[in-house]
Amino acid sequence: VIGHVIGGDERPSADGATFPDVDPWTQATHDEVALGGDHEAALAVDAARRAFDDGPWPRMSRTERGAVLHRWADLVEAHADEVALADVHDVGKVITDACGTDVPRSVSNIRFFADHARLAADERFAMDGGHHAYTSHDPAGVVVAIAPWNFPAMQATWKVAPALAWGNTVVLKPAEDSPTSATLLARLALEAGLPAGVLNVVHGFGPDGAGAALTRSPDVDRITFTGESSTGRAIMAEAARTLTPVSLELGGKGANVVFADCDLDEAVRWSVKAIFSNAGQVCLSGSRLLVERSCLDEFVERFVAAAGALAVGDPRLPVTEVGPLASRQHFDKVRRYVQVATDDGGEVLTGGARTDGSWVVDPTVVVGLEPSSAVWREEIFGPVVAVVAFDGEDEAVALANDTPYGLSAMCFTEDLRRGHRLAARLRAGNVWVNCFYVRDLRTPFGGRGDSGIGREGGLHSREFFTDAKSIVMQP
Ligand code: NAI
Ligand code: MG
C-alpha cells in the first residue's frame, strides 16, 4: 500500500480504506493507495502547522535550507529510475521521457529553487530624509499543493521546491491517478534531513475528498493548484471563504502559428513535439495548428507523415514515443472528441482512438473543421490536433487569440521582425518563437483568462510563497 506521509511517518488511512492504482498500459492494478479524506487532510495540515509554528524549518537560514534541499535533489537523482518508473506505471508516461525529461527536471526544480532562494537579493531604498526602507520576505506558512497527473514528479517538485526553499511547510495532494512518485519523493526528503511535518503527502480524490478538504482548511496560508479550469474555479471559491491566496495553473488550448517563411523541417519537428509528446497530455500543447495557406499542403503532408511515423505503444520500451492515455476515463474523453471531429465535418488524416481495448489514441490530425467546433475550442488534453488555414498575420493573430484560454502560443517564421511582432500580439502567458517547451526557471510561468491566476518561477514564486513586509528605519 502506498501510504500518506504525515508528520514524518508513512501510514495508511485511519479507517484502512484504499483505492487501486491502475497501470494504463497493462490495465492491471499494480498497487493499492491509502484513500485519504477529511481526517487525513486535517492530520496533515495539523502536522504542517506545527512544523511551521514550532519547528526549525522556517527559522533556518536560507543556506541551511538550501543544503537540505540539495541533499534531497541528490537522493532523487540517485533514485532516478525508481521515480521514473513510478510515473511510467501510474500514468503510462513513456520511459524515455520519464528518465530523460521528467526526473532530470524534477531534480533541477529542487536545485534551482534551493539556490535561487539563497541568492535572491532583497530590495532596499535610501529615502530622501535619510530613512532607509527595505523589504523582507517572510515564509507564508502552510502551503497546500494540489498536483495533476500529467507530469507527476515534475509538477510536485515545481510546487514543493519553491515553497520549501522560502521556508514554508507543505501538504502535497498528488492526483489520484499518480500517487506513487509523491510518496517516494517525500520518503527521500525525510532521508535528506527534512524535518518531520515539513513535507506531508495525502492521497485521495478531489471533490468530496482529501483535495476539497485541504482547500477548506482555515489553517492553510497558500494554495497552489495545477489542473482543470473548472477545478480551479471550485478551489478559488473555497479559498475565498478564508481569503487564502491561490495560484492556479489551469488548462490551455495553445495556438501554433506556422508561417510560409518558416524553416519547414524545424516547424514540423517542433509542431509534432508540441502536440504529441506525453500523448498530448500537456497544458501547454500546441493543439490548434494555424498554417499559412500558401504552405498548407506541404506542411500538412510532412506533419501527417511525421505524426504517423511516431512509435506508439508500450511506455516501458525505450523506443516508444507515445504511450496510452493516463486512465480509462481520460481515454473515453479523448475518444469522444475524435468522434466530435468527424461529426462536425472534419477529416481525420491520420490517427484515431484504438478499438483493441487499449487506452491508446494514435497521433491524430484533423483538418476541415470550423473554428466553432468543440475540437478547436475545448481542451482535449490528448494527441489530437486540428489544422486550420489562415491568410496573413492579422488573421493568424485573430484566430490564435480567439480562445478563453491564454497559457501558451508559438509561432514559426524566419522573419525576425515578424517573430517579435507575433510575440507581442499573441495573448498568452508563454510564447515560443521557433521552438516549444524550452524553459528558464527564472521566468514567469502561468496563464491568462481561463488558463489561470498568478505566476510562478524565479522571483514570481517568491512573491506567492512569502509575505512581503515593508520596513522603514528612522536614521
Ligand atoms: P482535475 O483538475 O480534476 O484534477 C487535478 C487535481 O486536482 C487532482 O489532484 C485532483 O484530485 C484535484 N481536485 C479535483 N477536484 C478538486 C476539488 N474540488 N478540490 C480540490 N482538489 C481537487 O483534473 P483531472 O480530472 O484529473 O483531468 C481532467 C482534465 O483537466 C484533463 O482532461 C485536462 O483537460 C485538464 N487538466 C489540465 C492539466 C494542466 O496541466 N493544465 C493537468 C491535468 C488535467
Ligand atoms: Mg476532474
Side-chain angles (χ1 to χ4, degrees), residues 19 24 33 35-38 40-41 45 90-91 93 102 144-152 154-156 158-159 171-179 181-182 201-217 220 223-241 244 246-254 277-285 287 325-337 359 361 374-375 377-384 404-408 428-430 437 445-453 456:
F19 65 100
V33 189
L35 173 59
D38 291 7
E40 285 70 28
V45 170
D90 277 3
V91 297
K93 179 178 290 288
D102 288 57
V144 160
I146 300 179
W149 44 260
N150 53 344
F151 295 97
M154 199 272 267
Q155 291 276 9
W158 169 246
K159 294 179 179 304
V171 179
L172 167 65
K173 215 259 341 132
E176 50 273 29
D177 289 319
S178 58
S181 57
V201 175
V202 181
H203 295 294
F205 293 81
D208 308 316
L214 289 171
T215 64
R216 280 196 294 264
S217 171
V220 167
I223 299 172
T224 171
F225 167 76
T226 300
E228 203 172 353
S229 297
S230 59
T231 310
R233 287 192 182 88
I235 288 175
M236 195 166 175
E238 292 292 353
R241 303 198 217 192
T244 305
V246 293
S247 174
L248 306 175
E249 199 265 281
L250 308 177
K253 191 72 182 176
S277 54
N278 214 38
Q281 300 165 121
V282 182
C283 51
L284 298 164
S285 71
S287 49
L325 297 183
S327 64
R328 174 191 296 277
Q329 199 187 4
H330 192 52
F331 169 74
D332 287 339
K333 172 183 160 177
V334 176
R335 183 178 53 176
R336 279 196 299 275
Y337 275 108
W359 300 339
V361 173
V375 172
R377 304 204 70 78
E378 296 171 12
E379 181 176 53
I380 299 175
F381 220 61
V384 180
Y405 293 108
L407 190 58
S408 70
N430 303 272
Y437 201 66
F445 185 83
R448 298 189 185 186
D450 285 358
S451 292
I453 291 185
E456 294 186 33

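Predicted, not measured: the structure shown is a model, and the values here were computed from it. Counting convention: from 1, in listed order, for ligands and their atoms alike. FYI, the numbering just counts along the sequence from 1.
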**Request:** Please could you name the atoms of ligand 1 that Glu379 approaches to less than 4.0 Å, counting only its heavy atoms?
**Result:** 33 (C), 34 (O), 35 (C), 37 (C)

**Asked** Are any of the N or O atoms of Phe205 closer than 3.5 Å to those of ligand 1?
**Response** no

**Fill in**
Nearest heavy atom to atom 26 (O) of ligand 1, choosing from Phe225, Trp149, Tyr337, belongs to Trp149

**Message:** Suppose we screen for ring pair (Phe, Tyr, Trp, His ring centres under 6.0 Å). Which residues come up paired with Tyr437, at least two apart in sequence or across chains?
**Reply:** none

**Asked** Numbering the atoms of ligand 1 from 1, which are under 4.0 Å from a heavy atom of Pro148?
**Response** 42 (C), 43 (C)

**Asked** How far does CD1 of Ile235 sit from CZ of Phe225, to the nearest 0.5 angstrom?
**Response** 4.5 Å

**Message:** Quick check: closest heavy atoms across Gly204 and Leu35, and the distance to 0.1 Å?
**Reply:** CA-CD1, 4.0 Å

**Complete:** If you compare Gly227, Ala145, Ala147, Ser230 by their heavy atoms, the one closest to atom 6 (C) of ligand 1 turns out to be Ala147

**Message:** Taking 4.0 angstrom as the limit and counting only heavy atoms of Leu250, give me the atoms of ligand 1 inside it, by number and element.
**Reply:** 41 (N)

**Spacing of Arg233 atom CZ and Leu250 atom CG [to the nearest 0.5 Å]** = 8.0 Å

**Message:** Quick test of your reading of the structure: of Ser285, Ala182, Gly251, Gly211, whose heavy atom lies closest to atom 20 (C) of ligand 1?
**Reply:** Gly211

**Item:** N/O separation below 3.5 Å, Glu228 to ligand 1
**Value:** yes

**Asked** Looking only at distance, does Asp177 have an N or O less than 3.5 Å from an N or O of ligand 1?
**Response** no

**Asked** For ligand 1, which atoms sit closer than 4.0 Å to a heavy atom of Pro207?
**Response** 14 (C), 15 (N), 16 (C), 17 (C), 18 (N)

**Prompt:** Got an N/O contact under 3.5 Å between Thr226 and ligand 1?
**Reply:** no

**Fill in**
Of His203, Lys333, Glu249, Glu238, the one whose closest heavy atom lies nearest atom 31 (C) of ligand 1 is Lys333

**Message:** Before you tell me yes or no, could you show the steps for Asn430 and Leu407 under side chain to side chain contact (heavy atoms under 4.5 Å, CB included), namely the whole-Å CA-CA distance, both residues' side-chain angles and the distance that decides it to 0.1 Å?
**Reply:** CA-CA 6 Å; Asn430 303 272; Leu407 190 58; 4.2 Å; yes

**Complete:** So the atoms of ligand 1 within less than 4.0 Å of a heavy atom of Ala175 turn out to be 8 (C), 9 (O)

**Request:** Say whether, by atom type as modelled, one donor and one acceptor occur between the side chain of Gln281 and the main chain of Ala326 under 3.5 angstrom.
**Result:** yes

**Message:** Please check this pair: side chain of Asn278 against backbone of Asn150, looking for a donor-acceptor N/O pair closer than 3.5 Å.
**Reply:** yes

**Message:** Please give me the minimum heavy-atom distance between Glu379 and Tyr405, naming the atom from each residue.
**Reply:** CB-OH, 3.9 Å

**Asked** Below 4.5 Å, heavy atoms only, C-beta onward: do Lys93 and Phe151 meet side chain to side chain?
**Response** yes

**Prompt:** Is Gly232 near ligand 1, meaning one of its heavy atoms is under 4.0 Å from it?
**Reply:** no

**Fill in**
For His330, the ligand 1 atoms with a heavy-atom partner under 4.0 Å come out as 32 (O)

**Prompt:** Under 3.5 Å, is there a donor-acceptor pair between the side chain of Ser451 and the main chain of Gly406?
**Reply:** yes

